[in-house]
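Have a look at the structure below before the remarks.
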Amino acid sequence: MVARPHGGRLVNKVVKDSRRERMLREVEELPRIHIDRNTAVDLENIAHGIYSPLIGFMTREDFESVLDFMRLSNDLPWTMPIVLDVSREDAESFDEGDLIAIYAGETPLATMVVEDIYAYDKKEYARKVFKTDDPRHPGVAKVYNKEDLLIGGPVELLNQLPNEYERYTLRPIETRVLFRERGWRTVVGFQTRNAPHIGHEYIQKTSLAFIDGLFINPVIGRKKPGDFRDDVILKAYETLIANYYPKKSVVLSIVRYEMKYAGPREAIHHAIMRKNFGCTHFIVGRDHAGVGNYYGPYEAQEIFNEFPDLGITPLFFREFFYCRKCNGIVHEKICPHKEDVRLRFSGTMIRRYIMEGKAPPKEVIRPEVAETILSFEKPFVE
Amino acid sequence: MSDEDRKSKYTTISIPRPLYSRIQKLIDGKGFKSVSDYVTYVLREVVAMHEMESQEEPFTKEDLEEIKKRLRALGYI
Ligand SMILES: [Zn+2]
């Protein structure tokens, strides 16, 4: 039995067939706004039910409730604002109650009934969601760059953004069928924006010791310079799975999503997204969705205590490492040895080897995976 | 949050006084700020459990065939 969607019903706001044809003709006449790529990704995620129960961008009531209580106005857990910002100038072309067209470039993406047009305080948004108003925080900086007004209301999706990874993209309605076909009663979701090292593999395999299926769900979207490129992450996982996983216990598919680096709050959001994909469990490691030193290393685990009604069970992991004395991959709870016999999986160390065109030690990264990464001329975002 | 806001976002329910005292004793030093906090926590847990008992399929029979076709084509099943 896969997880019940958040709020009970999987949202589907994708318009099809003759209705779509008709609406595409009608959008020509509507007031028009343009959105950037990241907002368009949110829009698609709403339409495909990844953000169920949201059926559109947040109205003021939900937005404020999310900031203050980490819940929607109907009491459901929800930690990240999903908002559509418009300039005061653009907002002059429509009123509350109007149907508008949402465009990306020349493509009409969706229609939206404007239920609410409202101003908001960017510093308050930043402090409540990111626990800082420091403009150097990448998520905060994006909030500060938003337009001055937000508009909320239900959307209907007419067109999708081009998707370079369509072949790897499954929507919640599809993963739900897939998990059932596999006969999985329990499914653990793994969120990643990294090529897999052995530490990741052990976390996943430890979960698989008591969960039926593993759903590896890399986040594809704009990343920081120095991060692995999307195609590198995907190919690295394909190699890892082909060589080291029983095929029947794992599914790899991507989700388009822009990281906000909101640490604890974003960990809850990541869990809700995977619940909508059908996961019953979700892996939360060290400093999940964190950046810099804004959040404590296990804050993203502790926050789950506040949500007895989340409907997906978090699995908390500490760091795995290689221990020469244990002669294997272990973690704090099972290895009694000192730091000098331990080899940590550091992203910086892996990056250094790759940059020099060398494979990191086999205790850190599988040789086949290293080879795959090294086959790319430029594996990192510049 | 102002008192006005609080008033509009919270409501009161009655529970027997002995139960109130019992909860007070129970939560002492356990991280709950108040009996209300505790009761809200417990109710959310129980309500969510009851809500889990109903789930509607998000797809029709035709959808299901379409979905399986794509999953097969992509090699997932
Ligand atoms: Zn050891």
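Labels below follow one simple rule: chain letters A, B, ... track the order of the sequence lines, proteins then strands, and each chain is numbered from 1.
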>> If I measure from the heavy atoms of chain A, does B:Leu74 come under 4.5 Å with its side chain, its backbone, both, or neither?
In response: both

>> Given heavy-atom pairs under 4.5 angstrom as the criterion, report whether the side chain, backbone, both or neither of A:Lys247 touches chain B.
In response: side chain

> With respect to chain B, which residue among A:Pro308, A:Pro77, A:Gly49, A:Pro172 yields the maximal number of heavy-atom pairs within a distance under 4.5 Å?
Replying inline: A:Pro308

> Hey, what do you get for CD (B:Glu66) to CD1 (A:Ile173), rounding to the nearest 0.5 Å?
Replying inline: 11.0 Å

>> Check this for me, if you would: do A:Glu181 and B:Arg72 make a salt bridge, where the nitrogen-to-carboxylate-oxygen distance has to be below 4.0 angstrom?
In response: no

>> So for atom CD, which belongs to A:Glu61, do other residues, nucleotides or ligands contribute more than 12 heavy atoms lying within a distance under 6.0 Å?
In response: no

> Given B:Arg44, which of A:Leu76, A:Leu310, A:Asp75 fulfils the side-chain contact (heavy atoms from CB on, under 4.5 Å) condition?
Replying inline: A:Asp75

> Has A:Arg167 got more than 12 heavy atoms of other residues, nucleotides or ligands less than 6.0 Å from its CZ?
Replying inline: yes

>> Does B:Asp28, at its CG atom, have more than 12 non-hydrogen atoms belonging to other residues, nucleotides or ligands within less than 6.0 Å?
In response: no

> Do A:Val177 and B:Asp63 pass the side-chain contact (heavy atoms from CB on, under 4.5 Å) test, and can you show the C-alpha distance, the side-chain angles, and the key distance before you say yes or no?
Replying inline: CA-CA 10 Å; A:Val177 172; B:Asp63 289 342; over 6 Å; no

> Does A:Glu164 CD have over 12 foreign heavy atoms under 6.0 Å away?
Replying inline: no

> A:Asp309 and B:Val47: side-chain contact (heavy atoms from CB on, under 4.5 Å), yes or no, with the steps?
Replying inline: CA-CA 8 Å; A:Asp309 50 344; B:Val47 169; over 6 Å; no

>> For the interface with chain B, which of A:Glu174, A:Arg171, A:Lys248 has the highest count of heavy-atom pairs at distances below 4.5 Å?
In response: A:Glu174

> Considering all heavy atoms of both residues, which atom of A:Asn305 and which atom of B:Tyr41 are nearest to each other, and what is their separation?
Replying inline: O-CE1, 3.1 Å

> Where do A:Leu252 and B:Tyr76 come nearest, in terms of heavy atoms and distance?
Replying inline: O-OH, 2.6 Å

> Which bit of A:Ser253 comes within less than 4.5 Å of chain B, counting heavy atoms only: side chain, backbone, both or neither?
Replying inline: both

